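Inspection log for the structure reproduced underneath, given as structure tokens.
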Amino acid sequence: MRTRQFLFSSIALLAVEAPAHAASSKETRAHRHVAAAPVAVTPTHQTTAAAHRTAHKAVEAHASESVAVTGRPLTGRDAEQAVSKAVMRQYVPGTSPYRMLDRMPGVSFSSTDPLGIDSFGTNLYVRGFFMNQLGVTVDGVPLNDQTYQAVGGMNLASAIIPDDVQSVRMSQGAGSVELPSTNTLGGTIQIGSADPEDKRGGKVSQTFGSYGSYRTYVRLDSGKLNQSGTKLFTSYARTDEGMWMGSGDQFMQQVDAKIVQPVGERSRISAFFNWSDLAQWGYPDTSIGILKNLGWRTPHLYPNYGLAYRIAEGSATGYGSVPGIDGSTISLYDGGQHEINYMGGLNMDFALTDNLTWHTTLYGHSQTGYYSYTDTEDPSPNGAPFSEEVWQNRQERYGLDTSLRYHLGRHTIEGGVWYENNNQQAGIYNYQEPLLGQGAPLKTVGPYDVYGPAFMQGYNFQWTTNVMQFHLQDSIQLARGLTLHAGFKSMVATTAGGATANNSDWTGADALPNGTLTASQAFLPHLNLDWHINRHHEIYVDVAENMRAYEVSAYGVANSVYSVQDQATFLAQRKDLKPSKAWVYLGGYRYTNTWLQANATVYHASLIHPILAAAVGSLTNPVSQVIDFGHISMTGASGDINIMPINGLSFDNNVSYNKGTYDRNVDTTGGYYALAGKNIVNYPAWMYKTSVSYTWGGATAHFEANYYGRRYFSFMNDTSIGGYWLANAGMRYSFGKVSVLKNLTASFNVYNLFNTKYISMMGENDNPATGDYQSMERGAVRQYFGTLSASF
């Protein structure tokens, strides 16, 4: 049995989705990004930069331009906000919609790359809830788990080309009961794609940026093809972001297609398709010690294979000594990911009668992923001192979401069913690297079998997950301007399966977890009261209970009972498991007139039965288990004021505060932690954001500056990262029609205008109980982008 090198007490919060990687017989190298109050207590266990980060990831319009609503929400519409198309145009083409949400109060988005498409180092929090605790859909298709290397969902960056996004809506409350999702605890994000144009034509866009970055986008529209109004578009995007630290690149290409067929005057059918292929080198993990001793730029060694080889065999030294961290783990050769996704579906909206409508979404999603890094613990059989370790994941999921809506007097009644089936697989393999001077080394993005098939398999898991959700709700017009939305949903999520292969020398276990987990709740209520006092004043209240399905993840990779060290532990822990739930209470006031929009919100969230994956015991003989963490509380408030004093000028300011605390101490066989009353990690309590834009004729200029307050890094709150400002600016000019080109536009953007040194990601390899730990990533440096676009 191999020596296991991880902390005597590693605690990772599942319900608030801490990154859990504690249960491997190796160093925990598959990282899950932290959630709302990620609770992962790890010691000075050294995780490497390329160590696997299972990435775990409402806007008020800032301009007068409106935007179409995504989906057909019935409840909680007053607690939603929408990003305007005017704001979308201010960002560099290809920027993640998540970054566009970052202007909103209570939202914290950061990434290691300026566009926010690197799922390796991207995180999003909304009022303390992490991105994989939010229900996210694209054209009604649930994306579910947004974390890196997940086998239960699809990252937004791969699901749609940002240029094809028509609408972005986010719920400040708990989200509508009709939205399909396995992991909604604290809100929803709904993305809608643009329809094909009525006239034949197209659009092209070319962007160039710092560090050799470039991006190309092409779209072709058929226009209406017949008298019935059939129309379609197809688009292609190629993004190549240069690395601002070290070598490699972050490449992604995508194809979107959509066809719309009107049926009569009030019904329609639309089909959509998305393909994506990403091959990305990742940025290295860092720590406070690394930053202080080695500086802010400590890259991977790629492509210096010779130096990496000599360090691994012991004939050369790495970056040097850092307190609490082995220098050789800092000097990692490379690490990254290669992932291919196919997603498609069919939306059918039918007006059956004047009062009865029927909506159905059919969809399918296939994903194949490879997540790799250079492994010095498993030398290649040919004598090379390391190998390439690859997590190979695959999932195929299919679903149906259907509902009927009936208008009866003052009532709008809706009921529906969502079903999803997901067949999942995850395994770990080691591939041989060449001897020095005897061939090109393997690349982290593949191919991996250049020097033969995998010489070792650590394990393999297979599962089948079935989800059934039913909802029923009524929207009642109590009086003029006063509406009550009342409804509930029921959910059952069952996962069956587990380990199908086990290398006991690698895992140290005779049998890995295998069995069935079911999360179910018959009644999850949602109440929403919306009172439009008059055309200027609005008051709203939103209360809901939500439940998250159990996470599905392989041995030692994330916060899942399937990740524990053996079958006996799995069976013992399963007896006392309860699914994670959240109660969310929200109240707000909104004022609107022609030159001023103001919104104030207060909220409280209670996370009940957050599940922890923990490794306790001695350093060399830990015991993995799952712990019910009890309760976590978050209370906060936000205010947003948008002023439009003159035509073309928009000025927005917002501030938010969140007091998130752990509500009970943790007592394990590995130690006692007085966490009660400690602040949650990784999410800033205070945020302030300001933005201004001005449009004059065909010219627009904008500036934004966000302040993110102090974030606690250790669970005992003795280590923290100070607050920082991050500013962006840009301008664009539309030349109008030039020859055969329409809407010829030039734009220039600067990301991180003042070149702020800041930590974006925290806790991707868990958070320490106290002190320092190699589980941070630096945010992107200042970069410049120029774009030319035109329609025809």
Side-chain angles (χ1 to χ4, degrees), residues 12 14-21 30-33 35 52-57 119 130-138 141-159 179-185 188-189 337 339-343 363-369 371 391-399 401 418-427 460-469 491-498 513 515-520 546-563 577 579-580 611 613:
L14 170 66
V16 286
E17 291 313 299
H21 327 291
H31 315 332
R32 215 31 139 196
H33 293 325
H52 253 63
R53 309 159 217 202
T54 340
H56 307 311
K57 31 148 96 190
S119 62
F130 188 57
M131 60 197 298
N132 64 345
Q133 298 170 307
L134 306 173
V136 183
T137 63
V138 170
V141 177
L143 300 188
N144 295 332
D145 196 332
Q146 290 290 281
T147 59
Y148 176 81
Q149 198 195 350
V151 293
M154 182 182 188
N155 192 277
L156 176 60
S158 298
L179 187 132
S181 172
T182 60
N183 53 293
T184 301
L185 285 178
T188 58
I189 298 171
Q337 60 174 320
E339 188 176 286
I340 300 171
N341 286 274
Y342 297 86
M343 189 267 281
Y363 64 90
H365 169 223
S366 172
Q367 179 186 81
T368 302
Y371 314 89
W391 275 262
Q392 298 181 193
N393 292 356
R394 178 161 177 75
Q395 60 175 311
E396 286 189 1
R397 59 192 184 101
Y398 305 93
D401 182 29
W418 169 51
Y419 170 75
E420 180 178 283
N421 170 264
N422 193 348
N423 295 287
Q424 305 143 293
Q425 183 270 335
N460 189 72
F461 280 72
Q462 289 185 343
W463 308 270
T464 297
T465 298
N466 289 288
V467 182
M468 179 71 77
Q469 178 177 294
M491 188 172 80
V492 177
T494 299
T495 298
T516 301
L517 289 175
T518 297
S520 64
N546 279 319
M547 179 188 71
R548 192 194 194 286
Y550 290 116
E551 184 174 336
V552 180
S553 190
Y555 175 85
V557 173
N559 303 316
S560 170
V561 70
Y562 288 107
S563 296
L577 278 181
S580 302
I611 299 170

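What you see is a predicted model, and the numbers here were worked out from it, not measured in a lab.
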### Task
Could you tell me which non-hydrogen atom of Thr516 sits nearest to which non-hydrogen atom of Ala496, and how far apart they are?
OG1-CB, 3.8 Å
### Task
State which residues pass side chain to side chain contact (heavy atoms under 4.5 Å, CB included) with Ala159; sequence neighbours excluded, sorted by chain then number.
Val138, Leu143, Met154, Met343
## Note on the structure
Residues passing the side-chain hydrogen bond (donor to acceptor under 3.5 Å, both in side chains) test with Asn393, sequence neighbours excluded, are none
### Task
Please check if the side chain of Thr184 supplies one atom and the backbone of Leu134 the other of a donor-acceptor pair under 3.5 Å.
no
#### Entry: Nearest non-hydrogen partners of Gly135 and Ser181, listed with the distance
CA-OG, 3.4 Å
#### Entry: Taking every non-hydrogen atom, the tightest pair across Tyr419 and Asn466
OH-OD1, 2.5 Å
## Note on the structure
Taken to the nearest 0.5 Å, the spacing of Asn144 CG from Thr182 OG1 works out to 3.5 Å
### Task
Hey, could you give me the CE/CG distance between Met468 and Asn421, rounded to the nearest 0.5 Å?
11.0 Å
### Residues that Glu420 engages under salt bridge (charged side-chain N to carboxylate O under 4.0 Å, His left out), provided they are two or more places apart
Arg397
#### Entry: Check: Gln146 side chain, Leu156 main-chain N or O, donor-acceptor pair, under 3.5 Å
yes
### Query
Quick one: NE2 on His365 to CD on Glu396, what's the gap to the nearest 0.5 Å?
10.0 Å
### Task
Report the residues that fulfil ring pair (Phe, Tyr, Trp, His ring centres under 6.0 Å) with Phe461, sequence neighbours left out, ordered by chain and then residue number.
Tyr459, Trp463
### Task
Give, for atom CD of Gln425 and atom CG of Asn460, the distance between the pair rounded to the nearest 0.5 Å.
4.5 Å
### Query
Minimum heavy-atom separation for Ala426 to Ala554, with atom names?
CB-CB, 3.8 Å
### Task
Starting from the C-alpha separation in whole Å, work towards a yes-or-no answer on side-chain hydrogen bond (donor to acceptor under 3.5 Å, both in side chains) for Glu339 and Ser119.
CA-CA 11 Å; Glu339 188 176 286; Ser119 62; 5.6 Å; no
### Message
Looking at every non-hydrogen atom in both residues, tell me the closest pair between Ser580 and Leu185 and how far apart they are.
### Response
O-CD2, 4.0 Å
### Summary
side chain to side chain contact (heavy atoms under 4.5 Å, CB included) filter on Gln469, not counting sequence neighbours, yields Trp418, Lys489, Met491
### Query
For Ser520, what residues pass the side chain to side chain contact (heavy atoms under 4.5 Å, CB included) criterion, not counting sequence neighbours?
Val492, Thr518
### Euclidean distance, Glu551 CD relative to Leu517 CG, rounded to 0.5 Å
11.5 Å
## Note on the structure
When every non-hydrogen atom of Pro180 is compared with those of Pro142, the smallest separation belongs to O-CB, 3.2 Å
### Task
Check whether any side-chain N or O of Asn155 sits under 3.5 Å from a backbone N or O of Ala150 as a donor-acceptor pair, and report yes or no.
no
### Message
Has Gln337 got a side-chain atom pairing as donor or acceptor with Gly369's backbone, closer than 3.5 angstrom?
### Response
no
#### Entry: Spacing of CG belonging to Asn132 relative to CZ belonging to Arg548, to within rounding of 0.5 Å
5.0 Å
